[in-house]
Amino acid sequence: MIKFNAANEIQDLQYFGEFGGVNPSISDSSTYTFLSAKTMFDTFEGNADGCYLYSRHSSPMNLYLAQALAKLENTETANVTSSGMGAITSVLMQVCKSGDHIIASRTIYGGTYAFLKNFFPTFNVDTTFVDINNFESIEKSITPTTKAIYCESVSNPLLEVADLRKLSDICKRNNLKLIVDNTFSPLSISPKLMGADIVIHSLTKFINGSSDTVGGVYCGTQEFINDTKNVNTGACMLLGPTMDSFRSASILKNLRTLHIRMKQHSYNAMYLAEKFEKDGLKVSYPGLKSHKNHELMKSMIHEEYGFGGLLTLDAGTTDKANELMELMQTENLGYLAVSLGFYKTLFSCSGSSTSSEIPEEERIEIGISDGLIRFSIGLDHDIERTYQKMKECIQKVGVFEQHTTSIL
Ligand code: PLP
């Protein structure tokens, strides 16, 4: 792995408030005054560096946050948006125009899947969904109109890991852009170092980490970000998913502790995954040797941040999964809620929530079974205690009897 320490890069960024505050001041304005009409015109045209015009175009706090996230992903620059979907759709609509084609992993977040499958075709952009590590089928899917390969570095919810180096190689040979959603693995994986052109995050998840806001970012070259912000042709400028300055201020403050949180999320998830596996449960976690992409992910991560905070358990049926989740919530082990990256463990049944946009036959084919519970493991101080309490819940519900003659 190439030596690159995003946490140091972010730490070295200093921003002060206008009165010497240790946090930058929030610019509480949607519009900005000018002393001369000429400067206003130049700013509108993008030719007056350092001047602000209107907060959908840019605002000081959004630029601070974007700069810090560009450091995180080692890209020239970045642009923040009001949601992860705002980032994803802006990028895709900038890269693909009517008549174009895109290749996407078949295991991606349900909202992204729905956009590509249902919404994009109405703009005459078609998607071929592929097994993201079947390089032969990817190469075969490339047509003269293909513009990009889209994937998640660690997929939602199946935790499949994309071989970004190989995908980048295919993209380079075929003049395609590699677009990677890195929401599940901030700091652990640096897609740009493995050849990604554009890196996206839903900031709603680990990066903000406090489940109090939605937000997104895309990171890339100055040229690409400028294109998306062009007042005449920029997808983000014209679709308008602008982040509010108050929100970017709070996300920037939370970003300061991301390196500590990611280590703890990964440590706790690894602990539980190993215990569950020993107990004979159907657990999937890329940190386990039994995970089909374990070696691949090991070769891709910055080790100190581990394999991430997500794991899945197959409870066999939706009813069993629901019963277990409700009991764990009653026992205060976490919340029955979608999303991820919170201090508290969150669990949900993917097939009937965040992946419900994917038709049932396709869900079954790719392995999202009815009883699959996705856990976003929290920052629990005493994970051994959490494990013991979870084990009691599992025993009480008898969830896994159909899978195992386990010791539970
Ligand atoms: N990407 C991934 C991997 C996600 O899990 C999600 C949401 O769950 C999104 C993107 C969309 O982000 P947002 O909800 O912030 O729009």
Side-chain angles (χ1 to χ4, degrees), residues 1-2 4 6 72-76 78 84 87-89 91-96 100-109 112-113 115-117 120 125-202 217-221 224 286 291-302 305 307-308 310 358 366-367:
M1 188 80 221
I2 302 161
F4 163 70
L72 170 73
E73 288 302 351
N74 194 32
T75 56
E76 280 175 26
I88 291 166
T89 51
V91 165
L92 290 174
M93 295 195 85
Q94 194 67 39
V95 171
C96 299
D100 287 342
H101 170 249
I102 184 160
I103 296 171
S105 167
R106 58 186 189 170
T107 63
I108 47 176
Y109 167 59
T112 315
Y113 175 88
F115 180 81
L116 290 168
K117 176 94 176 176
F120 231 5
V125 179
D126 282 325
T127 302
T128 303
F129 292 96
V130 295
D131 170 351
I132 202 64
N133 284 329
N134 184 340
F135 309 112
E136 208 183 306
S137 101
I138 292 174
E139 299 239 23
K140 275 195 193 138
S141 306
I142 298 171
T143 71
T145 58
T146 308
K147 288 289 178 300
I149 296 181
Y150 182 96
C151 68
E152 293 170 3
S153 31
V154 180
S155 78
N156 183 0
L158 290 172
L159 312 180
E160 282 180 359
V161 183
D163 191 334
L164 299 180
R165 295 186 188 95
K166 288 218 173 99
L167 292 171
S168 155
D169 181 49
I170 295 175
C171 284
K172 295 219 157 56
R173 277 191 282 108
N174 293 280
N175 196 25
L176 310 177
K177 281 202 185 324
L178 178 58
I179 307 171
V180 180
D181 180 338
N182 197 29
T183 299
F184 276 28
S185 43
L187 286 173
S188 281
I189 296 181
S190 300
K192 165 77 180 357
L193 294 184
M194 282 167 276
D197 297 290
I198 301 159
V199 184
I200 298 175
H201 283 276
S202 164
V217 68
Y218 52 93
C219 310
T221 60
F224 178 73
H291 189 282
K292 67 174 179 179
N293 299 133
H294 173 71
E295 287 303 326
L296 171 63
M297 184 150 174
K298 204 169 153 197
S299 78
M300 286 168 60
I301 59 172
H302 300 285
Y305 301 109
F307 291 84
L310 275 296
I358 304 174
I366 62 182

Side-chain heavy-atom pair Phe135, Asp163 within 4.5 angstrom cut-off | yes
With Asp100 via side-chain contact (heavy atoms from CB on, under 4.5 Å) - residues at least two apart | Cys96, Lys97, Lys147
For side chain to side chain donor-acceptor pair (under 3.5 Å), just list the numbers for Thr107 and Ser155, CA-CA rounded to whole Å, side-chain angles, deciding distance to a tenth of an Å, and then say yes or no.
-> CA-CA 6 Å; Thr107 63; Ser155 78; 3.3 Å; yes
Between Asp169 and Arg173, is there a side-chain N and carboxylate O pair less than 4.0 Å apart?
-> yes
Is the backbone of Tyr109 close enough, under 3.5 Å, to the side chain of Glu152 for a donor and an acceptor to pair up by distance?
-> yes
Hey, can you tell me if Phe4 and His302 have their rings parallel, tilted or perpendicular (30° and 60° cut-offs)?
-> tilted
Just one of Val161, Leu164, Val199 clears the side-chain contact (heavy atoms from CB on, under 4.5 Å) bar with Ser153, so which one?
-> Leu164
Taking atom OH of Tyr150 and atom CG of Asp181, what is their separation to the nearest 0.5 Å?
-> 4.0 Å
Reported CG-to-CG distance for the pair Asn293 and Leu159, which is rounded to 0.5 angstrom = 9.5 Å
Value for CG (Asp126) from OG1 (Thr145), rounded to nearest 0.5 Å, stands at 8.0 Å
Straight-line distance of Asn74 CG to Lys192 NZ, nearest 0.5 Å = 5.0 Å
For Ala148, side-chain contact (heavy atoms from CB on, under 4.5 Å) partners two or more places apart | Val95, Ile102, Lys177, Ile179
